[in-house]
K.L.:
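Mind looking over this structure? Questions follow.
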Amino acid sequence: MAEPSPPPPPPPSNKGLRVLLAKDRAPTSPPSAPAAVSSHADRDRIIGVFRTALSRNEAPEAFALQAVQEAIKPQKQTVLVLEENQTLENALRRLLQELVSSAVQSGKGIMQYGNSLDSGESNCLITHLLDIMLYLCERGHVEGGMVFQLLEDLTDMSTIKDCKDVFGYIESKQDVLGKQELFGRGKLVMLRTCNQLLRRLSKSNDVVFCGRIIMFLAHFFPLSERSALNIKGVFNTSNETKYEKDATDGISVDFNFYQTLWSLQEHFRNPALTTTNPTKWQKFASNLTVVLSTFEAQPLSDADGKHNNLEQEEDAAFNIKYLTSSKLMGLELKDASFRRHILVQCLIFFDYLKAPGKTDKEGPSESMKEEIKSCEERVKNLLEMIPPKGKEFLQSIEHILEREKNWVWWKRDGCPAFEKQPFEKKSSQAGARKRKPRWRLGNKELAQLWKWAELNPDALTDSDRVRMPSVTEYWKPLAEDMDTSAGIEEEYHHKNNRVYCWKGLRFQARQDLEGFSRFYDYGIEGVVPPELLPPDVRAKFNSKPGEKAKRPKREDTRGTSAHPKEPQVAAATPETDGGGSGGDQEEGVVPMDSDNGAGEDGQKRSPGEVSGPESGQCDAEDDGEDNTKSAHSRDRR
C-alpha cells in the first residue's frame with residue numbers, strides 16, 4: 001500500500017520582506033489638516049495686507065508692488081512665479097467675494113461701496129482693488145490674466161443693475177485691457193464674461209446694454225478675430241415667428257393675406273432650404289407676388305409717413321420684432337417702417353441668393369434668376385415710393401448690401417488678417433560700419449554713376465577717363481561696313497542702329513560742320529570721312545551732287561521742248577531762275593544747289609546765247625573750287 005504523500009509546506013513568511021521595505025521607505029508626508037490650516041493662514045495674511053493697502057488713498061504706483069512683496073515674499077523681487085501667482089489669485093478672489101458680500105449687506109451698490117458721502121470723493125474699495133491689479137498686470141509684476149479673472153467673478157456675483165456699473169468700469173479701461181501684453185492672456189476670459197452677460201440679459205428689455213456689450217467686443221477684439229464670425233454661414237433657425245393659424249372675429253383685413261405675409265418669415269429664417277427645394281421656392285415666389293401686389297395697390301401717402309418719422313422720435317425705443325396679431329394687420333399695413341422692414345428682408349434674401357463665390361449647384365437656376373430680378377426691381381420701386389425720403393433710404397440699403405459682398409468674399413478666402421506686422425529692422429553688429437544712404441535717382445545706372453563719383457572724386461579730372469571720341473574713330477565701324485570686300489551683310493550694318501547714327505551726327509556737328517552737311521546729299525554714309533573709305537567707295541561719294549541732280553532735269557527738258565526757240569527759252573529762263581516748283585527737286589538735293597542748277601540748265605538749253613567753251617570753263621572753275629575746299633578741310637583736320 002502506498003504511503004501517503006507528505007502535506008504541502010506552509011507558505012513562506014514575508015515578515016522579513018515587510019521590514020526591509022519599511023527601512024527603505026521615504027518618510028511619510030505630514031497630515032493634510034495642518035497643511036490646510038497653513039494655506040488658510042497664508043491666504044488670510046495676504047487678504048489682511050491688501051485690506052490695509054486698500055485703505056490708502058494714493059495711486060497704485062506708490063504702494064502696489066510693495067504690498068505684493070509683503071504679502072507673497074516672492075523668490076524674485078518684481079516678478080511672481082507660477083505658484084506664487086496662483087496663491088495671490090486665490091487670496092484676491094476671496095477678498096473680492098468678501099467685499100461684495102459686505103456691499104450687499106450695507107445696501108449699497110457694489111461699485112459704490114466705500115464711497116464717503118461727506119467728502120464726496122470716489123473711494124470704492126472694489127474699484128480700488130481692480131485698479132491695483134490692473135497696474136500690476138500692466139507692468140508685468142503678476143500674471144496678465146489675473147485682472148480678467150477678477151472681473152469675471154465680479155460680474156457673476158452681481159445683479160443686472162450692478163453689472164451695468166461693472167461694465168462701465170470695463171469700458172473705461174478698454175485701452176489698457178486691450179494692450180498686447182494683457183490681451184493675449186485674457187481675451188478668452190473676457191469673451192466668456194461678455195457671453196455670459198448676454199445670456200442673462202433680456203433681448204427686449206435690455207437692448208441698450210446688449211448693444212454696449214456687442215460694441216465693446218467689436219472694439220476690443222481685432223477685426224479679423226474668427227471667434228466673432230459666422231464662418232460656415234449657419235442660420236438662426238431658432239428665431240421662429242409665431243402667427244395665428246385659424247381666423248378669428250374682428251379682423252379688418254383678409255385672413256389669407258395675413259397668413260401669406262407672415263409665412264414669408266419661414267423662408268427668411270432659412271434661405272438655403274428654400275432655394276434647394278423647388279416646391280418651397282414656388283410657394284415663396286407666389287406668396288411674395290401677392291404681398292408686393294397688395295403694397296402696390298395700397299400706396300402710402302406723405303401723411304402716413306409723417307406719423308412714423310424717426311427723426312422726430314429721438315428718444316423712442318423700438319423692438320426687434322413686430323407683433324403678429326391678426327387684429328393689428330390693418331394698422332401695420334399703414335406703417336411705413338413695417339413695410340420697409342418686410343421689403344428690406346426681401347433684398348437681403350435676394351442678396352444671399354446672388355452672393356459671389358457660389359458654384360453652379362449652390363447658386364439659383366436660370367428661371368430663378370429671372371424671377372429674382374423681376375421681384376427685386378418691384379421691391380426697390382416700392383421702397384423708393386415709401387415716405388419719407390424713400391430714395392435716400394433705398395440708396396443707403398443698396399450701399400450696405402454692396403459692402404456686404406466684400407465681407408462674403410473675405411470669409412470665403414479664409415478670413416485673412418487685416419493687420420500687417422511692421423518690418424523688423426535687423427540690428428547691426430557691434431563695430432560694423434554703417435552703410436551710406438542709397439541715392440535713388442530714377443534708375444540703377446544713374447544711382448551707380450553717382451556712387452562712383454562719390455567714391456572717386458578725381459574721376460572727372462583723370463586723363464584716362466572716358467572722353468568724347470573723334471569723328472574718325474567713331475565712324476570706323478561704319479566705314480568697315482561700307483567696304484564690300486569685308487562681306488558684311490546689310491542687316492548687320494551700323495547704319496541700322498538709330499542710337500549710333502544719332503550720336504555720330506552730334507559728334508560730326510560739333511567737330512566737322514562741313515562733313516555734317518554731306519548728310520543731306522548722301523545720307524548717313526556720306527558723313528564718313530573719305531580717308532576711311534576704300535578708293536571705289538570714295539569715288540562714289542566724291543562726285544558733285546549738283547551734277548546728279550542736273551542730269552534727269554536735262555532729259556526731261558529735252559523731251560518736253562522738241563523745237564527750242566529763243567522766245568520760248570527766254571520765257572522759260574525767268575521761271576527756272578525764280579526757283580521752279582518744289583516737285584522738280586530730287587530727294588537729297590540742297591535747295592540752293594537746285595536753283596543754281598536750274599539756271600545753268602536754262603543757259604545750256606539756249607545754244608544761241610551761251611557757247612560750249614564758256615560753259616565748260618564754268619564747270620572747270622566749279623570743280624577747282626570744290627577741290628580747294630576739300631584740301632582746306634583736310635588741313636583743318
K.L.:
What about Y322 and H341, are their ring centers closer than 6.0 Å?
P.N.:
yes
K.L.:
Which residues pass the side chain to side chain contact (heavy atoms under 4.5 Å, CB included) test with E58, not counting sequence neighbours?
P.N.:
R56, A62, F63
K.L.:
Are any of the side-chain heavy atoms of F349 and T274 separated by less than 4.5 Å?
P.N.:
yes
K.L.:
Within the side chain of N85, is there an N or O that forms a donor-acceptor pair under 3.5 Å with the backbone of L80?
P.N.:
yes
K.L.:
Has T260 got a side-chain atom pairing as donor or acceptor with N287's backbone, closer than 3.5 angstrom?
P.N.:
no
K.L.:
Does the Lys NZ or Arg CZ of R340 fall within the cation-pi geometry relative to F393 - under 6.0 Å from the ring centre and within 45° of the axis?
P.N.:
yes
K.L.:
Test side chain to side chain contact (heavy atoms under 4.5 Å, CB included) on H399 and E402; report intermediate values, then the result.
P.N.:
CA-CA 5 Å; H399 179 69; E402 188 66 27; 5.5 Å; no
K.L.:
Please tell me if the side chains of K405 and D351 come closer than 4.5 Å, counting only heavy atoms from C-beta onward.
P.N.:
yes
K.L.:
Set out, in order, the CA-CA distance, both residues' side-chain angles and the distance that settles side chain to side chain contact (heavy atoms under 4.5 Å, CB included) for L261 and M329, then state yes or no.
P.N.:
CA-CA 10 Å; L261 176 65; M329 191 77 260; 3.1 Å; yes
K.L.:
Do R94 and Q97 have side chains that get closer than 4.5 Å, going by heavy atoms?
P.N.:
yes
K.L.:
State which residues pass side chain to side chain donor-acceptor pair (under 3.5 Å) with R51; sequence neighbours excluded, sorted by chain then number.
P.N.:
E98
K.L.:
Given side chains that start at C-beta, do those of L198 and C210 come closer than 4.5 Å, heavy atoms only?
P.N.:
yes
K.L.:
Classify the ring geometry of F216 against F220: parallel below 30°, tilted from 30° to 60°, perpendicular beyond 60°.
P.N.:
parallel
K.L.:
Under 4.5 Å between any side-chain heavy atoms of F338 and L328, yes or no?
P.N.:
no
K.L.:
May I ask you to say whether E398 pairs ionically with K380, meaning some side-chain N is under 4.0 Å from a carboxylate O?
P.N.:
yes
K.L.:
With the side chain counted from C-beta on, respond yes when R412 and V408 share a heavy-atom pair under 4.5 Å apart, and no when they do not.
P.N.:
yes
K.L.:
Indicate yes or no for a side-chain donor-acceptor contact from R45 to the backbone of A71 under 3.5 Å, with no hydrogens or angles considered.
P.N.:
yes
K.L.:
Looking at P416, is its backbone amide N or carbonyl O close enough to the side chain of W410 to form a donor-acceptor pair, meaning the two atoms are under 3.5 Å apart?
P.N.:
yes
K.L.:
Do E376 side-chain atoms and L347 backbone N/O form a donor-acceptor pair below 3.5 Å?
P.N.:
no
K.L.:
State, with a plain yes or no, whether a side-chain heavy atom of Y135 is found less than 4.5 Å away from one of E61.
P.N.:
yes
K.L.:
For Y243 and E266, test the side chains for any donor-to-acceptor distance below 3.5 angstrom and give the result as yes or no.
P.N.:
yes
K.L.:
How close do T276 and L273 get, counting heavy atoms only, and between which atoms?
P.N.:
OG1-O, 3.3 Å
K.L.:
Output yes when a side-chain donor or acceptor of Y258 lies under 3.5 Å from a complementary backbone atom of T324, and no otherwise.
P.N.:
yes
K.L.:
Can you find a pair of side-chain heavy atoms, one from L343 and one from F295, that are under 4.5 Å apart?
P.N.:
yes
K.L.:
Quick one: does any side-chain atom of R269 pair with a main-chain N or O of N236 as donor and acceptor, under 3.5 Å?
P.N.:
no
